[in-house]
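Below is one structure, written out as structure tokens; the observations come after it.
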Amino acid sequence: MIEETNRKIEDTRQNYQATMEAALKSRYSDQSKSIEIFSEDPLGVEPPILDLLVLKKNPELKLTDDIGNFFKEYNIIENKGVNDDININDVFKTQAYAWFYMSAGRLVDEIPWEKVTITAIQFHFPMAAFARLKQMNCKIEELVPNAVWEVSGPPIAFPFRVINASNLGDDWAALKAVAPGATKETLLKVQQEL
């Protein structure tokens, strides 16, 4: 019974999709050399996957470190490798992932927008991303010298921070252990502490 109902729902959805596609193609038939219409165009070859998700179960919990002091209840983290820089596509992608995380398979407004943050962590100054964001008239506020920035204004939809992990304080030794130029002594110290 459930399988039959699901099949009917899928058949109806496909009929709506096919009808909409046909209507658009008909309406723009005189522009066929300039307009292409794709039905159910895949957004990528792999499903979207969050690098890291930090759920703060107690909303009253106040974290005081340079990363966690920003966290709300749902915190999406884009983690770049030591030789990777965040770029404008990463900025857009992480926001898209946040919207997708909030909406896919959930009740309406189950995860409220105002309870979500995005943090991008890398090991360099994000020169290219910041240059493009400034062109878009975003506000970039440096919160910790050469280590933590908050980015706001359209097209930024969520509270958004960028972290240069190389310049975080000593309380982030475990993260800094993989930064460019980290010594074997640093790695050993972190491993012993974990």
Side-chain angles (χ1 to χ4, degrees), residues 43-106 108-182 190:
L43 296 177
V45 292
E46 296 179 11
I49 297 173
L50 300 175
D51 284 352
L52 294 165
L53 174 67
V54 178
L55 298 176
K56 195 165 79 167
K57 295 179 181 182
N58 177 359
E60 304 304 314
L61 175 66
K62 301 291 183 208
L63 300 171
T64 59
D65 62 272
D66 290 335
I67 295 176
N69 66 5
F70 178 62
F71 288 167
K72 295 184 180 179
E73 290 179 47
Y74 303 90
N75 307 282
I76 294 166
I77 297 178
E78 173 74 3
N79 185 35
K80 303 304 284 183
V82 294
N83 296 317
D84 294 331
D85 289 327
I86 185 173
N87 61 50
I88 197 65
N89 284 4
D90 295 317
V91 172
F92 294 146
K93 178 186 75 171
T94 54
Q95 290 186 94
Y97 283 6
W99 289 119
F100 192 72
Y101 174 75
M102 288 171 52
S103 61
R106 302 196 188 280
V108 172
D109 207 24
E110 180 181 340
I111 297 177
W113 167 86
E114 58 273 6
K115 294 183 179 185
V116 177
T117 70
I118 299 173
T119 303
I121 300 175
Q122 63 174 38
F123 293 91
H124 308 284
F125 179 81
M127 190 176 308
F130 281 3
R132 183 65 179 116
L133 288 165
K134 285 179 182 177
Q135 287 176 342
M136 299 167 131
N137 296 318
C138 288
K139 179 182 173 189
I140 301 171
E141 181 181 1
E142 187 174 44
L143 303 176
V144 176
N146 204 31
V148 180
W149 300 267
E150 191 157 335
V151 182
S152 60
I156 302 300
F158 294 90
F160 191 92
R161 280 201 180 166
V162 177
I163 308 292
N164 177 353
S166 295
N167 294 332
L168 289 173
D170 291 338
D171 56 333
W172 283 102
L175 182 58
K176 291 170 71 170
V178 296
V190 170

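Since we're looking at a predicted model, the values are computed, not measured.
Here the SG-CH2 distance, from C138 to W149, works out to 15.5 Å after rounding to the nearest 0.5 Å. Note that CG of L52 is 10.0 Å distant from OG1 of T119, once rounded to the nearest 0.5 Å. Separating the NZ atom in K62 from the CD atom in E60 is a distance of 6.0 Å, to the nearest 0.5 Å. With rounding to the nearest 0.5 Å, the separation of OG1 in T117 from CZ in F160 is 10.5 Å. For the atom pair CG (D84) and CG (D90), the distance works out to 8.5 Å, reported to the nearest 0.5 Å. Interatomic distance, CD1 of I77 versus CG of L53, reported as 8.5 Å (0.5 Å rounding).
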Tell me, with the steps shown, if R161 and N75 meet side chain to side chain donor-acceptor pair (under 3.5 Å). CA-CA 11 Å; R161 280 201 180 166; N75 307 282; over 6 Å; no
Check step by step if side chain to side chain contact (heavy atoms under 4.5 Å, CB included) holds for I86 and T94. CA-CA 11 Å; I86 185 173; T94 54; 5.9 Å; no
Would M127 and D85 count as a side chain to side chain contact (heavy atoms under 4.5 Å, CB included) if you check the C-alpha gap in whole Å, the side-chain angles of each, and the deciding distance to 0.1 Å? CA-CA 8 Å; M127 190 176 308; D85 289 327; over 6 Å; no
Verdict with supporting geometry, E78 and I118, side chain to side chain contact (heavy atoms under 4.5 Å, CB included): CA-CA 8 Å; E78 173 74 3; I118 299 173; 5.6 Å; no
Please step through side chain to side chain contact (heavy atoms under 4.5 Å, CB included) for the pair N167 and F125, ending with a clear verdict. CA-CA 10 Å; N167 294 332; F125 179 81; over 6 Å; no
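The aromatic rings of W99 and F158 sit tilted, their planes meeting at an angle between 30° and 60°.
Between K56 and E73, none of the side-chain N atoms (NZ, or NE/NH1/NH2) sits under 4.0 Å from a carboxylate O, so this pair counts as no salt bridge.
Put simply, the residue from L168, N164, N69, V162 that forms a side chain to side chain contact (heavy atoms under 4.5 Å, CB included) with V148 is L168.
A donor atom on one side chain and an acceptor atom on the other are not found under 3.5 Å apart for R132 and N89.
Distance alone, capped at 3.5 Å, is enough to place a donor-acceptor pair between the W113 side chain and the A157 backbone. At least one donor-acceptor pair under 3.5 Å links the side chain of D51 to the backbone N or O of N79. Under a 3.5 Å cut-off, the side chain of E150 and the backbone N or O of L143 do not form any donor-acceptor pair.
The number of heavy atoms from other shown groups lying within 6.0 Å of CD (Q135) is above 12.
Stacking of R106 on the aromatic ring of Y101 is recorded, both the 6.0 Å distance cut-off and the 45° axial limit being met.
Between N83 and H124, the shortest heavy-atom distance links the atoms CA-NE2, 3.9 Å. Taking both residues in full, the closest heavy atoms of P112 and M102 are given as C-CE, 4.2 Å, listed atom of the first, atom of the second, then distance. Contact record, P159 with V116: CD-O, 3.4 Å, taken as the closest heavy-atom pair. Pairing each heavy atom of K115 with each of K72, the nearest pair is O-CB, 3.6 Å.
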